Amino acid sequence: MAQAPKSSDTPATPAAPTPSLVGRLPGGPLDIVGDVHGEWDALQALLAHLGYDRQGRHPAGRTLVFVGDLCDRGPNTPAVLDWFGEVYEAGRCAAVLGNHEVNLIREDAKDGAGWYFDARTERDRAKYAPFVIASPAQRERHAALCNRLPVALEREDLRVVHAAWQAAPIAAARGFALGTARRQYDRFEEQAAEQARSGSLQRRIQQESAAWPHDLEDGQHQPPLLSAHGERELLKQMHNPLKVLTTGVEAAASAPFYAGGKWRFTERQPWWNAYDEATPVVIGHYWRLFQAPPPGLGAHAESALFAGIPGNAWHGKRGNVFCVDFSAGARWSERLQGQHDPRQSRFHLAALRWPEKTLVFDTGQTWATVTAPCA
């Protein structure tokens, strides 16, 4: 009888690779959903038009993928995240971190997050009320859920990221273990802050703040171009690979502008005009509009990035990037003006169907996508 092999002769089982912040997209057909921003009713309407049941199941075996920014500004973020958490834990959807989820897990109370942060609740009521406030148990559950999300997803035929797919930040994120987004993000933030403290930048920021006493969230008082503030924004932005992936590529602005609840001195760049890889990328984040606003109605600054590009068009150097954020997160502004009928809204929650490349809105409207002329 043959002797059993000694333990030292037994081949070692290879260790499973540690999941990283760049994860794997599910196989099969996908429905890639844009920034939800707490718009629970719009999400339910969109899922019904796409053919999903309340548990996120599809009769044809399709899978939902969310591009991030599920939370903030809308009337019922807790319902959105409760539903998402159940479906995500059941393995029936996938998602990447958006910058609003990053704010949540970093405990960074920003405009529109009064549903979660008590420090913002009263301040946010003037713009976003009514909105549902999360319970302590929900807050704990939502933070834990968001902290387990990757910053990007990929497979051979497709890539998904919230704001920008760039080689160097993606390579950095591949080296970070899943679940470490806050720790890694904070590390780069501290490095940028140290750089600001070590030179003259911090002193110049203090001088600008003394000369301009108004709160930068005060949209009624336009500041001059605060160049040192802009330098700090740009340093924090471009030094941090996770910030690039979740908020995009920026450059110094020629004039201050008000967006996202504060005056800004750097502006987003159309990074897709330099994206030269063959694999298509789907993003959110940029407040795209399907149609140009009527005369007299302003557009978000970000929508200028899509000037001349049809709402159903792919864009970029190779025509293989698609922004699926059609500004559902701006519906609060219409409600503030007394408009409550989503059928009349300029702002939509959308999904891009893959591989069909069709676009579906929460109203049920559907378009085939096209390729825009190269930039």
Side-chain angles (χ1 to χ4, degrees), residues 21 34-39 66-78 80-81 84-85 95-125 127-128 131-134 136 138-152 161-164 169 173 176 179-190 192-193 215-217 232-233 235-248 250 258-264 266 268 283-287 300 302 325 327-330 332:
L21 287 177
D35 303 31
V36 178
H37 279 300
E39 295 289 340
F66 293 90
V67 299
D69 281 7
L70 290 153
C71 60
D72 296 352
R73 299 197 174 118
N76 203 344
T77 289
V80 170
L81 288 181
F84 168 74
V96 298
L97 281 168
N99 55 300
H100 284 257
E101 286 83 27
V102 169
N103 294 340
L104 188 155
I105 64 176
R106 296 188 64 239
E107 302 178 60
D108 189 3
K110 294 286 182 66
D111 176 75
W115 67 275
Y116 185 91
F117 294 105
D118 292 338
R120 287 252 25 145
T121 301
E122 290 306 314
R123 192 171 192 175
D124 279 352
R125 287 193 195 281
K127 291 167 64 174
Y128 303 114
F131 53 86
V132 176
I133 297 174
Q138 285 176 311
R139 297 179 202 200
E140 183 177 352
R141 187 166 64 247
H142 297 160
L145 171 66
C146 292
N147 200 46
R148 296 199 302 273
L149 297 178
V151 294
V161 69
H162 184 63
F176 303 147
T180 66
R182 174 177 178 166
R183 176 156 52 87
Q184 299 295 349
Y185 197 106
D186 287 350
R187 180 167 64 88
F188 287 107
E189 287 282 286
E190 179 53 37
D215 192 321
L216 291 180
E217 289 192 10
R232 179 176 61 183
E233 288 179 18
L235 173 62
K236 291 172 64 177
Q237 181 70 30
M238 301 309 297
H239 178 75
N240 187 338
L242 301 185
K243 197 162 191 173
V244 171
L245 299 178
T246 56
T247 63
E250 297 192 3
Y258 194 79
K262 63 179 290 187
W263 289 100
R264 298 183 183 274
T266 64
R268 295 170 178 172
I283 57 174
H285 188 60
Y286 291 97
W287 299 87
H300 293 283
E302 293 91 334
D325 175 14
S327 302
W332 66 268

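Remember, predicted model here, so these are calculated numbers, not experimental data.
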Legend entry - Contacts of type ring-ring contact (aromatic ring centres under 6.0 Å, His included), residue Tyr116, not counting sequence neighbours: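 With neighbours one apart ignored, the set is empty.
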Inset, instruction - Not counting sequence neighbours, which residues clear ring-ring contact (aromatic ring centres under 6.0 Å, His included) with His162? List them please. - result: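 Partners of His162 by the ring-ring contact (aromatic ring centres under 6.0 Å, His included) criterion, ordered by chain and then number, come out as His285.
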Is there side-chain contact between [X] and [Y], with at least one heavy-atom pair below 4.5 Å?
| X | Y | answer |
| --- | --- | --- |
| His37 | Leu70 | no |
| Gln138 | Thr77 | no |
| Phe84 | Val36 | no |

Check your understanding: With distance as the sole test, does Tyr185 use its side chain to make a donor-acceptor pair with the main-chain N or O of Phe188 at under 3.5 Å?
Key ->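 Checked: no pair found.
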State plainly whether the residues [X] and [Y] are in salt-bridge range, i.e. N to O under 4.0 Å.
| X | Y | value |
| --- | --- | --- |
| Arg120 | Glu217 | yes |
| Arg123 | Asp215 | yes |
| Arg73 | Asp111 | yes |

TODO: List the steps, then state whether side chain to side chain contact (heavy atoms under 4.5 Å, CB included) holds for Leu242 with Leu21.
DONE: CA-CA 9 Å; Leu242 301 185; Leu21 287 177; 4.2 Å; yes
#### Entry: No-hydrogen, no-angle side-chain donor-acceptor test under 3.5 Å, Trp287 and Asp325
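Distance-only check fails for Trp287 and Asp325.
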To the nearest 0.5 Å, what is the distance between [atom1] on [X] and [atom2] on [Y]?
| X | Y | atom1 | atom2 | result |
| --- | --- | --- | --- | --- |
| Asp124 | Trp115 | CG | CH2 | 11.5 Å |
| Leu81 | Asn76 | CG | CG | 9.5 Å |
| His100 | Asp69 | NE2 | CG | 4.5 Å |
| Thr246 | Asn99 | OG1 | CG | 6.0 Å |

Should Glu101 and Phe66 be marked as a side chain to side chain contact (heavy atoms under 4.5 Å, CB included) after you check the CA-CA gap, both sets of side-chain angles, and the distance that decides it? CA-CA 12 Å; Glu101 286 83 27; Phe66 293 90; over 6 Å; no
Which atom names give the shortest non-hydrogen contact between [X] and [Y], and what distance separates them?
| X | Y | result |
| --- | --- | --- |
| Thr247 | Glu250 | O-OE2, 4.3 Å |
| Ala164 | Gly248 | CB-CA, 4.0 Å |
| Ala173 | Leu245 | CB-CD1, 3.9 Å |

Sequence neighbours left out, what passes side-chain contact (heavy atoms from CB on, under 4.5 Å) with Arg125? Give chain and number order.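 Testing Arg125 for side-chain contact (heavy atoms from CB on, under 4.5 Å), a comparison that skips the adjacent residues, returns Thr121, Glu122, Ala129, Phe131, Ile133.
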What verdict does the side chain to side chain contact (heavy atoms under 4.5 Å, CB included) test give for Asp72 and Lys110, after you've listed the backbone C-alpha separation in whole Å, the side-chain angles of each residue and the deciding distance to 0.1 Å?
CA-CA 9 Å; Asp72 296 352; Lys110 294 286 182 66; 5.8 Å; no
Using the rule given for side chain to side chain contact (heavy atoms under 4.5 Å, CB included), can you reason through Ile283 versus Val161, listing the C-alpha separation, both sets of side-chain angles and the distance that settles it, and then say yes or no?
CA-CA 5 Å; Ile283 57 174; Val161 69; 3.8 Å; yes
